[in-house]
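Before any comments, here is the structure.
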Amino acid sequence: MKKKLIDHKVLLLDTTLREGEQAPGVTFTVEEKLAIARKLDEMGIHMIEAGDPNVSGDIKEAVRRISKEGLKAEILAHCRARISDVENAASCEVDRIAIFLGTSESHLKYKIRKDKNKAIELVSQAIEHARSQGLKVRFTAEDATRTDNEFLFNICKKAQEAGADRISIPDTVGIMSPNNVKELFRDLSNNLKVELDTHCHNDLGMATANTLAALEGGATGAHVTINGLGERSGIAPLSEVAVALKVVYDIETVALDKIPELSLMTERFSGIVPSPNTPIIGESAFTHKAGIHVAGVLANPSTYEGFPPDLIGRQRDIIIDKYTGIHAVSSRLNRLGVSLDETQMTKVVKAIKERPTVTRFRDADLIGLAEQITGKNLQAEVPTKIEAILRIKCESNVYTTAIARRLRAFKTIKKVYEVTGNYDIEVTIDADSTVDLNQILERIREIDGVRATETQLVLKKFET
Ligand code: HCA
Ligand code: CU
């Protein structure tokens with residue numbers, strides 16, 4: 001399916017530090033912003049929108065410090081179409097200023113309370129002022145996709161005349177479809193000389209599709225954020241756009257193998273944990289489960305993978321649970337140096353299927369089952385329920401609540417407490433057996449950011 005649908009260079013603008021920090025519940029420290037900016041630069045991002053210096057003192061400090069880092073990426077400050085805002089942004093010594101103004105009927109009427117002519121005047125003056133300070137300018141026609149077409153073309157032409165060499169056409173409320181976006185960008189690129197940016201919100205889950213459609217229509221810049229952070233449901237994620245550009249269009253943008261690290265860093269700083277089924281960066285994105293799928297993947301990964309996990313520096317994983325078939329089990333046991341005949345192997349699979357509540361058999365559990373079946377070293381069943389208290393110490397740079405939230409998702413974990421003292425989190429666990437308990441502990445230890453655990457088995461319990 002590799003047709004040349006985009007035949008021009010694509011630049012990625014990351015706005016995690018501006019749009020991403022507008023996500024509910026998110027705030028980054030200046031140091032965290034610097035760390036993200038450096039990593040983005042390392043991966044080869046083209047533009048970094050560092051923030052709107054007019055919002056607060058710490059944002060201004062972050063924009064200024066990022067500008068002074070000497071990064072390869074072009075550093076932008078976002079600001080309103082006001083001379084005083086432009087001056088403040090210019091004082092941060094950024095490479096480019098992104099001047100925005102709402103152009104839709106609704107924004108003109110309820111937000112800016114200005115008519116169309118006045119809007120054009122404000123935009124032209126702000127752009128000319130920035131240009132007179134030697135700055136490159138992007139103009140953003142905020143809410144462009146709900147703006148009257150004629151006025152949109154008109155104000156973009158005026159912005160171009162005033163000296164903007166890039167114009168952003170955001171789908172501010174995420175209401176476009178790929179076909180509509182493509183057509184809009186085709187018309188605009190045929191009528192304007194400037195480079196066009198796309199900035200798609202994800203309110204209908206179409207941010208990535210719309211971003212790619214805009215690029216097909218003639219946009220040359222795509223706005224993204226790490227983990228898709230942004231106002232409401234966020235905007236197109238860097239991971240999806242960059243990987244889709246490679247896989248679907250064969251276009252190189254950034255070093256894709258840096259994505260997991262950057263995603264995890266942002267998860268920690270933002271406290272927002274992507275769900276397991278999130279494409280590319282989610283925990284399950286390269287995990288195969290059903291027996292038929294696993295058999296296919298073991299024969300050749302291309303059967304159930306559209307692109308290999310190592311494209312982005314990840315590894316595939318195979319789940320052993322009640323969906324598992326003989327191929328997965330024998331492959332795992334062979335890797336562990338255990339070889340069984342076919343009858344024994346069938347019995348192991350049967351035993352797994354008889355434990356439908358176990359969501360993931362560890363290597364030790366499989367060996368245990370194999371031992372039971374071959375009769376070599378029978379494990380005693382522990383029939384009674386086990387109750388345990390587990391204390392968890394988190395890495396110092398980790399957001400404890402993010403880990404506590406993950407723990408709440410475990411069915412066997414009854415209570416989760418964030419606590420003071422030597423440990424950060426305490427949970428109570430109800431397990432069916434030691435196998436079950438071991439499995440839970442293993443999964444908890446696998447969570448990124450968990451540094452140490454201490455398990456206490458409950459011996460007696462006094463009801464009060
Ligand atoms: C905002 C609005 C914006 C701007 C996008 C852009 C949008 O929060 O200021 O400058 O390209 O979605 O319209 O994020
Ligand atoms: Cu936005």
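Small disclaimer: the values here were computed from a predicted structure and weren't measured. Ligands are counted one by one from 1 in listed order, and the atoms in each one are counted from 1 as well.
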Query raised in the report: Is the backbone of Glu32 close enough, under 3.5 Å, to the side chain of Thr29 for a donor and an acceptor to pair up by distance?
Result: yes
Looking only at side chains, do Arg268 and Thr266 share a donor and an acceptor under 3.5 Å apart?
no
Exactly one candidate in His293, Arg316, Glu305 meets side chain to side chain donor-acceptor pair (under 3.5 Å) with His288; the answer is Glu305
If only atom types and distance count, is the side chain of His223 paired as donor or acceptor with the main-chain N or O of Glu19 below 3.5 Å?
no
Counting neighbours of CZ on Arg408 that are heavy atoms of other residues, nucleotides or ligands and sit closer than 6.0 Å, is the number greater than 12? no
So the protein N/O/S atoms within less than 2.8 Å of the Cu ion (ligand 2) come down to Glu19 OE1, His199 NE2, His201 NE2
Q.
Would Lys33 pass as a cation-pi partner of Phe28, given that its NZ or CZ must be under 6.0 Å from the six-membered ring centre and within 45 degrees of the axis?
A. no
Report every pair formed by an N or O atom of ligand 1 and a protein N or O atom separated by less than 3.5 Å, giving atom names and the distance to 0.1 Å.
unit_1	atom_1	unit_2	atom_2	d
ligand 1	8 (O)	Arg18	NH1	3.0
ligand 1	8 (O)	Gln22	NE2	3.1
ligand 1	10 (O)	His78	NE2	2.7
ligand 1	10 (O)	Arg138	NH2	2.8
ligand 1	10 (O)	Thr140	OG1	2.8
ligand 1	11 (O)	Arg138	NH2	3.4
ligand 1	11 (O)	Thr140	OG1	3.4
ligand 1	11 (O)	Ser168	OG	2.6
ligand 1	12 (O)	His199	NE2	3.1
ligand 1	12 (O)	His201	NE2	3.0
ligand 1	13 (O)	Thr172	OG1	2.6
ligand 1	14 (O)	Arg18	NH1	3.2
ligand 1	14 (O)	Arg18	NH2	3.1
ligand 1	14 (O)	Glu19	OE1	2.8
ligand 1	14 (O)	His199	NE2	3.2

Does a donor on one side chain and an acceptor on the other come within less than 3.5 Å for Asn88 and Lys60? yes
Under a 3.5 Å threshold, yes or no: a donor from one side chain and an acceptor from the other, between Asn117 and Asp115? no
_So does Gly296 get a backbone contact from the side chain of Thr303, meaning a donor-acceptor N/O pair under 3.5 Å?_
yes
